[in-house]
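The structure under discussion appears below in the form of C-alpha cells.
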Amino acid sequence: MSSTPEPSRRPAGTSHWAVLLAGPVVATTYFFIVYLFAEASCADEWVLVGPSTLRVVVLAATAAAAAVLVTYAWRARALWRADDATTDASADERDRRDNRRFMLVVGALLLSMFLAFTVFLAAPAVGGSLC
Amino acid sequence: MSDDRPATRTDTPSIDEAPATAEQMDALWADPPGLFGRLMAVQNDAIGKRLLYVGFFFLVLGGSVDSLVMRLQLAVPENDFISPELYNELFTNHGSVTMFLVILPITEGFAILLLPFLLGSREMPFPRLGAYSFFTYLMGGLFYYSSTLFQLVPDAGWTAYTPLSLTQYSPDLALDFWVLGLSVAEVAAIAAGIEIIISILKFRAPGMTLARLPLFAWAMLVTAFMIVFAFTTLVVGSFLLEMSRSFDMRFFDPESGGSSLLWQHLFWIFGHPEVYIQFLPAAGVVSMVIPVFMRRKIAGYPWLVAAFVAIGFMSFALWAHHMFSVGLPPIVSDFFSAASIAIGIPAGVQIFAWLATMWVGRPIWKTPMLFVVGFLVTFVIGGITGVMVASAPFDLQAHDSYFVVAHLHYVLIGGVAFPIFAAAYFWLPKFTGRLLDERLGKINFWLMFVGLNVTFFPMHIAGLLGMPRRIYTYDEESGWGIYNMISTIGAFVLFGGILVFGVNLLYSRYRGRLAGANPWGADTLEWSVPSPPANQGYSVPPIVRSRHPLWDQDDLHTGDPRLVRFLHALSEWPLKWRAAIVTGTNDGQPEEVIRVSGPSIWPFVAACGTVLLFIAEMIHVIAMIGVSTVVIIGAVVLWNRPEPVPTTDEEEEAFEREHGIPVRTDGGRTLATWGMGLSLMVAGIAFSTFLLSYFYLRVENEAWPPAGVEVPGLGLAIVHCAAVVVAAGIMASARRSVASGSFTGLTGGLVSAGLLTVFGGGVLLFELTHLDFTAQEHAYGSIYYCLAGFLLAVALIGLVVDGVVIGAAVQGRFTRRRHAAVENAARYWAALAAMWVIGSAALYLMPRLS
C-alpha cells in the first residue's frame with residue numbers, strides 16, 4: 001500500500017484555476033471558431049474554405065474540444081485524489097483544502113455542462129443543411 | 001463545511017468595537033458635508049443609494065408612465081389617443097430607459113452599496129471610480145432625456161436598427177441623443193463593473209475563500225465581467241453608428257461595401273448577454289433570500305456557482321437567435337438555436353437548487369420571500385417561452401410579434417424586477433435602519449404579481465394570433481381587442497403595485513419599525529453591523545470561518561492569534577488615512593494594507609468632461625471636443641495624483657515588522673496591477689470588436705479593397721510597428737531595472753519610449769493623411785481609418801500615462817518597493833505593441849493574403 005501523500009500547504013494553484021476555467025474557455029473558443037468558419041464557408045467567393053469542408057471541420061473541432069474537456073476532467077480527478085484529506089491537518093490547511101476541492105468540483109461541473117453544450121452544438125452539422 | 005446541517009441560529013455573533021477609535025474612524029471615513037461635499041462624496045453607501053434612487057426615478061418615468069400611455073392607446077381598436085409618431089417615441093424610450101438606465105444601475109447600485117458589508121471590507125477599492133460611474137450615469141441619463149426639451153425624441157426602437165437609425169431615415173439629432181446619451185451611461189456601467197470585479201476578488205474579510213463567497217457576490221462577479229465584455233462591444237458599435245451618422249462613413253451601407261447586419265451583430269453581441277447581465281444579479285439575490293426565509297442553508301452551492309459561470313459564458317454564444325429572420329446560413333441558425341436551448345441546462349440547475357432548498361426548509365412568508373416565489377413562477381414561464389423562441393422554425397412565426405413582448409416581460413419583470421423588489425425589502429432596512437411595512441409589502445407584491453400576469457399573459461395569445469409589436473393601433477376585425485383591453489387593465493394594476501412600493505418607502509422612512517442589526521436572522525456578514533452601519537463599516541475587520549458566518553460562528557474575531565492581533569491593530573492604526581485590507585484571490589488571506597482614496601471633486605469634473613465630449617461630438621464643435629478632452633485628462637490625472645501621507649515611513653515599517661503585512665500608502669501594487677489589467681482588457685475587447693467588424697466586412701465583400709483602391713505599402717507600416725515595439729521593449733527594460741533597485745536611466749528610458757511612440761504614431765498619422773482613399777467612399781476606407789484611429793488613440797492615452805510616470809520619476813517618487821506606476825506603464829506598452837502589430841497585420845497583410 002502506498003504511503004499517504006503529504007497534504008499540500010499551498011493555496012489553489014495554476015492547475016486548479018485551469019480546471020475551473022477550462023470548460024468555459026475551451027467551449028467558448030470552440031464556438032467562435034466553428035461559427036466564424038461557418039460564416040466564412042457560406043460567404044460568396046471566399047477563397048480559403050468552402051461548404052464541402054465545413055461539416056468535416058465542425059466535427060473535427062468538436063472532437064478536439066471534447067477531448068480537451070475530458071482531459072481536464074481527468075486532471076480534476078487526479079488533483080482531487082492527490083489532495084487527500086488527513087485527519088491531523090490544521091484549521092488553515094483544512095480551509096485551503098476545502099477551497100481547492102471547491103474549485104475542482106465547480107470546474108468538473110463546468111466541464112460537464114460545456115461538454116454537453118459542445119456536443120449539442122455540433123449536432124446540426126451531422127445531418128442538417130449547411131449554407 | 002457543514003452544509004448538510006439545518007441552520008437554526010438566528011442570534012448575531014458579537015462585533016468587537018473599540019468605541020473611541022470607532023468614533024474616530026467614523027469621522028475619518030465620512031464624506032464632507034454641504035452641496036460641494038456631496039459632489040465630492042465617494043462612500044459606497046452614498047454612491048450605492050444614489051444609483052438606486054436615480055434608477056427607481058427612471059423606472060417610474062420611462063418604465064411605467066410610458067407603458068401606461070402605450071397601453072391606453074392599445075386598449076381599444078382604432079384608437080387615436082396618441083399619434084403614431086408619439087407611440088414610436090414612447091416604445092423607443094420605454095425600451096431604452098429600462099434596458100440602459102433602470103435595471104443595470106439598480107443592480108450595480110445594490111452591489112456598490114452591499115459588497116463592502118457583505119464581504120467584510122471597509123470600502124470599494126476605487127471609491128472615486130464609483131463616484132465617476134454615478135455622475136456619468138446620471139448625466140448620461142439626463143443628456144438622453146434632454147432630447148425631449150428640443151423635441152428631438154428618438155423613435156427608432158431600443159435596438160436602433162440600421163438603416164432606420166441612419167441619417168437617411170432619421171435625419172435630425174434625435175438618434176444622436178440616443179447613441180451618445182446612452183453611450184455615456186455605458187461608460188458608467190463599465191467603470192462600475194471594473195470596481196465590482198476588483199472588490200469581490202481582492203477586498204474580502206480574512207478567511208473568506210472563494211468557497212465561502214456569498215452567492216450574490218459570485219453572481220455580481222460574473223455579471224461584472226459580462227458588463228465589461230458586452231458594454232465595451234456596444235460602445236464600439238455605437239461609435240461606428242455615430243461615425244456613420246456624423247461623418248457619413250459606410251459601415252452599414254450595403255451599396256458601399258457595408259452591411260446593415262453588422263449593426264445587428266454588434267448590438268446583439270451586447271444585447272443578449274444584457275438580459276443575463278440583468279438576470280444574474282437577480283439570481284444572486286434569490287440565492288441569498290431563500291436560505292434566510294427557509295431557515296436552511298442553500299442546497300447545491302457549487303452547482304449554483306457553476307451555473308452562474310456557465311450562464312455568463314454561454315450568454316455570449318446566443319446573440320444571433322435575435323436574427324433568425326434575417327437570412328443567416330442554416331448551419332449558423334442551427335448553432336445559435338442549439339446554444340440558446342443549451343443555456344437551459346445551467347438555468348435549470350439554478351431552479352432545482354432553489355426548489356431543493358425550499359423543499360427541506362421551513363418557510364417564513366415575509367415580503368422578500370413572496371417576491372422570490374413570484375419570481376420562480378414567472379421566470380419559469382418566461383424561461384419556457386424562451387426555449388420556444390430559441391427554436392428557429394417557431395421563432396420565424398413568432399418573430400416581432402406580441403408573443404416575444406410577453407416572453408421578455410415575463411423574464412424581465414418576473415425574473416429581474418421581482419428579485420429587485422425582494423432585495424429592496426430585504427436589504428434597505430440595513431441602510432435606513434427601519435423595516436419596510438409588511439402589510440403594504442404584501443399589497444405591493446400581490447398587485448404586481450396579479451398585474452404582471454394579467455398584463456402579459458394575454459399578449460402570448462395576441463402574438464400567436466398575429467399581432468405585431470410596435471404598432472400603434474389595429475383593426476377591430478383582427479380580434480385582438482379583448483386581449484389588449486385585459487392587458488391595459490393589468491398594466492394599471494401593476495403600476496398600482498409600484499406606487500404602493502413608493503408609499504411604503506416614504507411611510508417606513510419615518511414610521512417603520514426599527515430594524516436592529518439582524519432583523520431576519522440572516523447568515524451573512526452585512527447583518528453583523530448596526531443598521532444603519534458606521535461609515536467605516538467594520539472598525540475591526542471580521543474573520544470568516546464558514547460560508548454562513550452568522551449561523552456557524554460564535555464570534556467574528558477568533559482565529560489565528562497573529563491574524564487576530566493584526567486585525568485589532570488595524571482598528572487602532574492608522575487613524576489618519578483610510579486603511580483597507582487586500583486579500584488573496586482564492587484563499588482570502590491578507591496580502592497588503594492599502595490606502596483607499598478619499599473624497600474628491602475630480603471624478604465629478606471628469607464626468608462633466610465626458611458628457612461634454614459626447615455633446616461636442618453631437619453638435620460637431622471641434623474646439624469643444626478639444627476642451628472636454630483636456631478636462632477629462634486633467635481631472636483623471638488630478639484624481640490619481642499622489643497625496644501627502646499623514647504617517648511616517650517609520651510608522652509604516654514598524655507596523656509591517658510587527659504584523660508581517662506590507663503597508664502601501666501609495667495605493668498598493670495589487671490594486672494597480674488589477675486596475676491596469678482590467679483597463680487593458682477593456683481596450684483589448686474594443687480592439688477585438690474593431691477587428692471583428694473588419695473581418696465581417698471583409699467576408700461580406702468579394703473584392704477587398706474595392707476595385708481601384710491600392711492597399712497601402714508595407715514600408716511605412718514596418719517603420720511605425722518597429723518604433724512601437726522598440727518602445728515597449730524599453731519600457732519592459734525600465735521595469736526590470738526598477739524592480740532590481742536600479743534607477744539609473746529610468747527617466748531617459750521613459751522619455752525615449754514616449755518619443756519612439758510619438759514617432760511611430762506620427763508615421764501612421766502621416767500615412768493616413770496621404771492615402772488615396774477616404775473614409776466616406778467605401779466600407780473598406782471607413783473601417784481602415786477607424787481601426788488605425790483606434791491605435792492612435794490608445795497610443796495617445798499611453799503618452800499621457802507616460803507623462804505622469806515621467807513626472808513622478810523626475811520627483812524621485814519611485815523606490816524599489818514602490819514603483820507600481822512603472823510596472824503599469826510597461827504593461828500598457830506591451831498591450832499597445834501587441835494591438836499595434838495585430839492591427840497593422842489586419843490592415844496591411846490581410847488584403848494581400850485573401
Side-chain angles (χ1 to χ4, degrees), chain A residues 10-13 16-17 20-21 23-25 27-28 31-32 34-36 38-48 51 54-55 58 90-92 94-96 98-114 116-125 128-131, chain B residues 1 207 209-213 218 265 300-314 316-318 320 328-339 341-343 345-346 349 544-547 559-560 563 584-589 692 695-696 698-703 849-850:
Chain A
R10 62 186 168 77
H16 294 81
W17 281 105
L20 182 69
L21 296 173
V25 171
T28 311
F31 172 80
F32 279 98
V34 295
Y35 161 63
L36 291 174
E39 279 280 8
S41 301
C42 295
D44 294 338
E45 304 293 329
W46 184 244
V47 294
L48 294 178
L54 177 56
R55 203 184 302 273
V58 171
S90 67
D92 276 357
R94 282 200 301 275
D95 282 356
R96 289 196 196 95
D98 280 348
N99 195 49
R100 290 193 296 267
R101 292 195 151 194
F102 165 76
M103 293 173 81
L104 293 177
V105 170
V106 174
L109 290 170
L110 285 168
L111 285 163
S112 54
M113 281 188 210
F114 280 99
F117 174 81
T118 304
V119 172
F120 195 48
L121 209 71
S129 52
L130 297 174
C131 296
Chain B
M1 290 175 221
T209 60
L210 285 181
R212 292 172 181 160
L213 207 54
W218 266 113
H265 279 294
Y301 174 94
W303 287 82
L304 280 165
V305 173
F308 293 164
V309 177
I311 285 174
F313 277 86
M314 285 185 191
F316 281 90
L318 315 183
L328 298 172
I331 184 100
V332 172
S333 286
D334 289 347
F335 282 157
F336 283 99
S337 191
I341 294 168
I343 202 168
I345 298 170
V349 164
V544 174
R545 300 194 311 276
S546 160
R547 196 176 284 162
D560 175 44
L563 177 62
T585 306
N586 55 32
D587 63 3
Q589 292 304 309
L692 190 71
F695 287 112
Y696 186 84
R698 167 65 194 94
V699 169
E700 289 289 303
N701 282 272
E702 290 180 20
L849 293 177
S850 58

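Below, chains carry the letters A, B, ... as their sequence lines are ordered, and counting in each starts from 1.
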To the nearest 0.5 Å, how far apart are CG in B:L210 and CZ in A:R100? 13.0 Å
A:A125 portion near chain B, given a 4.5 angstrom heavy-atom threshold: both
Would you please indicate yes or no on a ring centroid separation below 6.0 angstrom for B:F316 and A:F31? no
Any idea which of B:A307, B:A310, B:G207 has the most non-hydrogen atom pairs under 4.5 angstrom with chain A? B:A310
Gap between atom CD of B:E700 and atom CD of A:E39 - 0.5 Å precision: 7.5 Å
So, B:R212 and A:D95, do they make that salt bridge, N to O below 4.0 Å? yes
Please classify the contact between A:T28 and chain B as side chain, backbone, both or neither, with a heavy-atom cut-off of under 4.5 Å. side chain
Interface check, chain A: of B:P329, B:A342, B:A306, most non-hydrogen pairs under 4.5 Å belong to B:A306
Worked verdict on B:T209 versus A:F102 for side-chain contact (heavy atoms from CB on, under 4.5 Å): CA-CA 10 Å; B:T209 60; A:F102 165 76; over 6 Å; no
At a 4.5 Å cut-off on heavy atoms, which part of A:V106 comes close to chain B: side chain, backbone, both, or neither? both
Look up atom CG in A:D98 and atom CG in B:D587, then write down how far apart they are to the nearest 0.5 Å. 13.0 Å
What's the verdict on side-chain contact (heavy atoms from CB on, under 4.5 Å) for B:I345 and A:F117, showing C-alpha distance, side-chain angles and the deciding distance? CA-CA 9 Å; B:I345 298 170; A:F117 174 81; over 6 Å; no
Closer than 3.5 angstrom, by distance alone: can the side chain of A:N99 be matched with the main-chain N or O of B:N586 as a donor-acceptor pair? yes
Region of A:V58 that comes under 4.5 Å of a non-hydrogen atom in chain B: side chain
Any heavy-atom pair between the side chains of B:P302 and A:L109 that's under 4.5 Å? yes
At their closest point, which heavy atom of B:D334 faces which heavy atom of A:S129, and how far apart are they? OD2-O, 4.4 Å
From A:F32 CZ over to B:L692 CG, what is the distance, rounded to the nearest 0.5 angstrom? 8.0 Å
